[in-house]
There are 2 protein chains.
Amino acid sequence: MSTADGQLRPSHRRTAVLEALKGCPRIVSAQELHMRMVAEGTRIGLSTVYRALRDAEETGRVDVVQAGTGEKRYRWRRGGEHRHYLVCRVCAASRPVGAEAVEAWVASVVSESGFAAVEHTVELAGVCARCQRAAD
Amino acid sequence: MSTADGQLRPSHRRTAVLEALKGCPRIVSAQELHMRMVAEGTRIGLSTVYRALRDAEETGRVDVVQAGTGEKRYRWRRGGEHRHYLVCRVCAASRPVGAEAVEAWVASVVSESGFAAVEHTVELAGVCARCQRAAD
DNA sequence: AGGTGGACTGATAATCATGTTCAATAACGA
DNA sequence: TCGTTATTGAACATGATTATCAGTCCACCT
């Protein structure tokens with residue numbers, strides 16, 4: 001394989017993936033993130049991006065949103081806590097929403113259900129104010 | 001493919017798919033439903049099952065849960081209202097949960113966000129009491 | 001009843017996101 | 001420097017879903 005510019009970074013392609021994710025203003029899919037990185041000049045394979053995101057998901061460093069089409073979209077988790085997001089269907093801009101009420105509701109449902117190890121997913125998708133204007 | 005109002009014309013096969021779904025005690029994937037129908041002696045193609053479920057989803061006659069693997073699981077919507085479910089990760093048993101608190105929370109978040117046409121997804125997955133016992 | 005046109009069906013192929021394989025290789029320690 | 005080992009990434013595999021399209025069925029008209 002040709003090492004064209006010799007700009008081989010230290011062993012942290014994975015770190016590069018997470019850094020790129022941090023720099024994303026909107027939620028992105030693995031493929032979008034890969035394209036973005038390549039466009040910026042980072043030499044990285046799609047597999048590595050998938051691997052890094054899966055690992056980050058398992059270790060709780062990113063939040064995941066399942067799009068309706070069965071693709072996953074990621075967002076860097078800024079605070080320590082897991083968050084829920086309101087995502088724009090048009091431009092994919094995302095903003096975290098306060099979810100204390102939902103967390104409390106989930107806790108009460110779980111306690112009276114007899115279920116154990118309950119995980120919850122809350123997803124909100126709509127059209128943001130800017131895209132509403134742009135639709136005219 | 002579709003008539004003026006976007007609804008598929010009723011047909012023997014399509015009705016059979018929804019009837020089969022009604023008879024399912026747990027949430028099922030399209031493929032599971034197809035296998036189930038074939039096992040019962042119904043002659044039907046996988047494509048038709050997918051089509052019927054997609055149409056039912058679009059017209060709001062079924063509830064959909066996205067499994068972690070990117071597969072969709074369906075449940076016949078018994079009341080008129082859309083529901084949320086607590087699903088067992090082991091046996092796929094599902095029970096509807098009262099979600100008034102969540103609906104109210106969603107409404108308030110939406111009203112102060114400036115977003116329009118917001119749709120929400122709430123999914124709860126855990127291990128039901130029976131499967132907890134069976135795990136011993 | 002018989003014909004006709006459009007809708008439905010289903011086998012197959014295509015697509016799409018993601019996972020796995022494995023030879024090449026970069027990082028690290030002796 | 002040399003060898004060991006984990007990481008990488010291109011190609012391939014997989015699994016769910018969707019599109020294609022020729023054949024079939026059905027409703028309606030005469």
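Sequence lines set the chain letters: A, B, ... in the order given, protein chains first and strands last, and positions in each chain run from 1. Being a predicted model, the structure only gives us computed values, none of them experimental. Below, all heavy atoms of this structure are taken into account, side chains as well, without hydrogens, waters or symmetry copies.
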message = Measure CD/B:E58 against C1'/D:dT17 and give the value in whole Å, please.
response = 13 Å
inquiry  = So, OP1 or OP2 of C:dT9: does either fall under 4.0 Å of a side-chain N or O from B:R14?
reply    = yes
ask   = Tell me: NZ of A:K72 to C1' of D:dA16, nearest whole Å?
value = 14 Å
note = One should read off an interatomic distance between A:L53 CG and A:K72 NZ, to the nearest 0.5 angstrom, of 9.5 Å
remark   = Closest non-hydrogen contact found for B:I27 with B:E32 is O-OE1, 4.2 Å
key: Members of residues 19-47 of chain B that approach DNA chain C, where some heavy atom sits under 4.0 Å away   = B:R43, B:I44, B:G45, B:S47
ask   = Transitively linked via ILVMFWY side-chain contacts under 4.5 Å: A:V49 with A:V62?
value = yes
Let me have the donor-acceptor pairs involving side chains of residues 16-26 of chain A, under 3.5 Å, with sequence neighbours excluded, atom names and distances please.
| from | atom 1 | to | atom 2 | distance (Å) |
| --- | --- | --- | --- | --- |
| A:E19 | OE2 | A:K22 | NZ | 3.3 |
| A:R26 | NE | A:C91 | O | 3.4 |
| A:R26 | NH1 | A:C91 | O | 2.8 |

note = Rounded to whole Å, CD of A:E71 lies from P of D:dA16 at a distance of 18 Å
task = Would you kindly say whether A:Y74 and A:D63 are connected by a side-chain donor-acceptor distance under 3.5 Å?
result = no
A:Y50 side-chain N/O to C:dT18 phosphate OP1/OP2 under 4.0 Å = yes
query = Over how many whole Å does the gap from A:R73 atom CZ to C:dC16 atom C1' extend?
reply = 14 Å
ask   = What about A:R13: does its side chain form a donor-acceptor pair under 3.5 Å with the base of D:dG9?
value = no
inquiry  = Under 4.0 Å from OP1 or OP2 of D:dG9: is there any side-chain N or O of A:T48 that close?
reply    = yes
inquiry  = Looking at A:R83 and A:P96, would you say the former's side chain and the latter's main chain have a donor-acceptor pair under 3.5 Å?
reply    = no
inquiry  = Considering every strand and a 4.0 Å limit on heavy-atom distances, what is the contact class for A:R54: base, sugar-phosphate, or nothing?
reply    = sugar-phosphate
Whole-Å gap separating P (D:dA19) and CZ (B:R51) = 10 Å
message = Between P on C:dT9 and NE2 on B:H12, what's the gap in Å once rounded to a whole number?
response = 11 Å
Flag side-chain contact, heavy atom, 4.5 Å: A:H34 against A:I44 = yes
message = With a 4.0 Å limit, can you tell me whether B:S11 has a side-chain N or O closer than that to the phosphate oxygens OP1/OP2 of C:dA7?
response = no
